[in-house]
K.L.:
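One structure follows; several queries about it will come next.
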Amino acid sequence: MRAIFIRHGESTGNAGMPCRDLATIELTERGQEQARAVAASWTQAPALIVTSPYTRTRQTAAPTIARFPGVPVDVWPIEEFTYLQPARWNGTRSADRMPHLERYWREADPNYCDGEGAESFGTLLRRCEAALARLAAMPEDSLVYVFGHGQFIQAARAIVADADLDDRAKMLGFWRKGEPPAIGNAERIEFSWAKDRWKCMPALSA
């Protein structure tokens, strides 16, 4: 089977605006344009469209859903990785959070949880593994479009590409201030399942 993961289009958070509720952040106009470009780029109808429960992914998926009205749509728990406690950081700008982000990734403790509403890096990996297992159980000729989030998709890629590394080693190579291997807005990564193993292809832009 094949699963194409798509990161949501540019959001207001990506554009540097303060974020108060991570689940309800919306797309910018540029993000809406990216979503339409993704929908126009498909050459094949999928068997299933999956989105996270967050607003920005549902908005990104909307043009694709409209293009393939007969395709079922599911919402899976593939929401973005929240590793700073929301109660402390919601309403702040990315520049305000940067020193804390740098410390978090420098220490690279996959079991550390910052507080209520946050999750550990290890928990993120387990969520990704569950989603990949769910996809692998689908019929072998299935094609699924999965609208998700950059760090979730990046973690899924690490599980596949760095299967020999433990959680801490995966974490140490995960974050570089938005530089590669980060995944950009509306970028896509294709995962394929065959002979009981996953493979992943390089990211593509719409």
K.L.:
For residues A186 and I6, report the shortest heavy-atom separation together with the two atoms involved.
P.N.:
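In this case the closest contact between A186 and I6 is O-CG2, 4.3 Å.
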K.L.:
Once ring-ring contact (aromatic ring centres under 6.0 Å, His included) is applied, what residue pairs with a partner in residues 43-64 remain, sequence neighbours excluded?
P.N.:
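Pairs touching residues 43-64 that pass the test: Y54-H149.
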K.L.:
What distance do F191 atom CZ and I153 atom CD1 have between them, rounded to the nearest 0.5 Å?
P.N.:
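Spacing of CZ (F191) from CD1 (I153) equals 7.5 Å.
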K.L.:
Just verifying a value: how many Å separate Y145 OH and R188 CZ, rounded to the nearest 0.5 Å?
P.N.:
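If we round to the nearest 0.5 Å, Y145:OH and R188:CZ are 8.5 Å apart.
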K.L.:
List the atom of P46, the atom of I49, and the distance in Å for their closest heavy-atom pair.
P.N.:
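In terms of heavy atoms, the two residues are closest at CG-CG1, 3.8 Å.
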K.L.:
Does some side-chain heavy atom of W193 sit less than 4.5 Å from a side-chain heavy atom of L135?
P.N.:
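They are not in side-chain contact.
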K.L.:
Same cluster or not: L101 versus Y112, using hydrophobic residues (I, L, V, M, F, W, Y) connected whenever any side-chain heavy atoms lie under 4.5 Å apart?
P.N.:
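Yes, it is one cluster - the side chains of L101 and Y112 are joined through contacts under 4.5 Å.
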K.L.:
Only counting residues at least two apart or in another chain, list the ones meeting side-chain contact (heavy atoms from CB on, under 4.5 Å) with E29.
P.N.:
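Result, side-chain contact (heavy atoms from CB on, under 4.5 Å) vs E29: Q32, E33, R36.
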K.L.:
According to a hydrophobic-cluster definition based on side-chain heavy atoms being under 4.5 Å apart (Ile, Leu, Val, Met, Phe, Trp, Tyr only), do V146 and L27 belong together?
P.N.:
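Different clusters: V146 never reaches L27 through Ile, Leu, Val, Met, Phe, Trp or Tyr contacts under 4.5 Å.
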K.L.:
So, do I159 and L132 sit near enough that their side-chain heavy atoms are less than 4.5 Å apart?
P.N.:
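With C-beta onward as the side chain, the pair touches.
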K.L.:
Considering residues at least two apart in sequence or located in another chain, which fulfil the side-chain contact (heavy atoms from CB on, under 4.5 Å) criterion with L48?
P.N.:
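For L48, the residues satisfying side-chain contact (heavy atoms from CB on, under 4.5 Å) (neighbours in sequence not counted) are V50, P72, D74, W76, M138, V144.
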K.L.:
With sequence neighbours excluded, what pairs up with T55 under the side-chain hydrogen bond (donor to acceptor under 3.5 Å, both in side chains) test?
P.N.:
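side-chain hydrogen bond (donor to acceptor under 3.5 Å, both in side chains) list for T55, sorted by chain: empty.
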K.L.:
So which heavy atom on D96 is nearest to which on H100, and how close?
P.N.:
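Heavy atoms of D96 and H100 come nearest at O-CD2, 3.9 Å.
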K.L.:
Give a yes or no on whether I25 and L84 share a hydrophobic cluster (residues Ile, Leu, Val, Met, Phe, Trp, Tyr; joining criterion: side-chain heavy atoms under 4.5 Å apart).
P.N.:
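In one cluster: no.
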K.L.:
Can you sort out the partners of S142 under side-chain hydrogen bond (donor to acceptor under 3.5 Å, both in side chains), two or more places apart, ordered by chain and number?
P.N.:
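side-chain hydrogen bond (donor to acceptor under 3.5 Å, both in side chains) check on S142 returns nothing, list empty.
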K.L.:
Between F121 and F174, does a ring-ring contact (aromatic ring centres under 6.0 Å, His included) hold up when you go through it step by step?
P.N.:
CA-CA 10 Å; F121 186 79; F174 194 81; 5.1 Å; yes
K.L.:
Measure the spacing between CG of D162 and CE of M171 and express it to the nearest 0.5 Å.
P.N.:
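Result: 14.5 Å between the selected atoms.
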K.L.:
Closest approach of P110 and S120, non-hydrogen atoms and distance?
P.N.:
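The answer is O-CB, 3.3 Å.
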K.L.:
Using 4.0 Å as the upper bound for N to carboxylate O, is an ion pair formed by D114 and R88?
P.N.:
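Counted as a salt bridge, because a side-chain N and a carboxylate O are separated by less than 4.0 Å.
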K.L.:
Residues in ring-ring contact (aromatic ring centres under 6.0 Å, His included) with Y83, at least two apart?
P.N.:
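Here the qualifying residues are F81, Y104, W105.
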K.L.:
Say you draw a straight line from CD of Q154 to SG of C128; how long is it, rounded to the nearest 0.5 Å?
P.N.:
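Reported value, rounded in 0.5 Å steps: 10.0 Å.
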K.L.:
Between CE of M201 and CZ of R2, what distance do you get to the nearest 0.5 Å?
P.N.:
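Rounded to the nearest 0.5 Å, the CE-CZ separation comes out at 9.5 Å.
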K.L.:
Provide the closest heavy-atom pair for A169 versus L165 in the form atom of the first, atom of the second, distance.
P.N.:
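Nearest pair, atom of A169 first, then L165: CB-CB, 3.8 Å.
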K.L.:
Taking side-chain contact (heavy atoms from CB on, under 4.5 Å) as the test, write out the residues that go with P77, two or more places apart.
P.N.:
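Once residues adjacent in sequence are excluded, the partners of P77 under the side-chain contact (heavy atoms from CB on, under 4.5 Å) criterion are E79, R134.
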K.L.:
Is it true that R30 and E10 make a salt bridge, defined as a side-chain N closer than 4.0 Å to a carboxylate O?
P.N.:
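A salt bridge links R30 with E10.
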K.L.:
Using the test salt bridge (Lys or Arg N to Asp or Glu O under 4.0 Å), find all partners of E26 that sit at least two apart in sequence or belong to another chain.
P.N.:
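In terms of salt bridge (Lys or Arg N to Asp or Glu O under 4.0 Å), with neighbours along the sequence ignored, E26 is linked to no residue.
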K.L.:
Strictly by side-chain hydrogen bond (donor to acceptor under 3.5 Å, both in side chains), give each pair with a member in residues 56-73 just once, sequence neighbours left out.
P.N.:
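Those involving residues 56-73 are H8-R56, W42-T64, S52-T57.
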K.L.:
Between E102 and W175, is any pair of side-chain heavy atoms under 4.5 Å apart?
P.N.:
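When only atoms from C-beta onward are counted, W175 and E102 do touch, with a gap below 4.5 Å.
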K.L.:
Could you work out, with salt bridge (Lys or Arg N to Asp or Glu O under 4.0 Å) as the rule, every residue matching E80, not counting sequence neighbours?
P.N.:
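Testing E80 for salt bridge (Lys or Arg N to Asp or Glu O under 4.0 Å), a comparison that skips the adjacent residues, returns none.
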K.L.:
Are R126 and D167 close enough for a salt bridge, meaning some N to O gap below 4.0 Å?
P.N.:
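Salt bridge flag = yes for D167 with R126.
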K.L.:
If you take all heavy atoms of A131 and I78, which pair is closest and at what distance?
P.N.:
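Closest heavy-atom pair between A131 and I78: CB-CG2, 4.0 Å.
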K.L.:
Using a strict cut-off of less than 4.0 Å between a Lys/Arg side-chain nitrogen and an Asp/Glu carboxylate oxygen, indicate whether R127 and E119 qualify as a salt bridge.
P.N.:
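Between E119 and R127 there is a salt bridge, with a charged N closer than 4.0 Å to a carboxylate O.
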K.L.:
Count I, L, V, M, F, W, Y as connected when their side-chain heavy atoms are under 4.5 Å apart, and connections chain through other members. Are L22 and F152 then in the same cluster?
P.N.:
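In one cluster: no.
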K.L.:
Applying side-chain contact (heavy atoms from CB on, under 4.5 Å), name anything that partners P69, two or more places apart in sequence or on another chain.
P.N.:
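Partners of P69 by the side-chain contact (heavy atoms from CB on, under 4.5 Å) criterion come out as none, since no residue qualifies.
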K.L.:
Got a second to check how far I4's CD1 is from C200's SG, nearest 0.5 Å?
P.N.:
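It comes to 13.0 Å.
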K.L.:
Using the rule that two of Ile, Leu, Val, Met, Phe, Trp, Tyr join whenever any of their side-chain heavy atoms come within less than 4.5 Å, decide whether I189 and M1 are in one cluster.
P.N.:
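They do share one cluster, since a chain of ILVMFWY contacts under 4.5 Å joins I189 to M1.
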K.L.:
Restricting to salt bridge (Lys or Arg N to Asp or Glu O under 4.0 Å), what partner residues turn up for R97, sequence neighbours left out?
P.N.:
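Partners of R97 by the salt bridge (Lys or Arg N to Asp or Glu O under 4.0 Å) criterion come out as none, since no residue qualifies.
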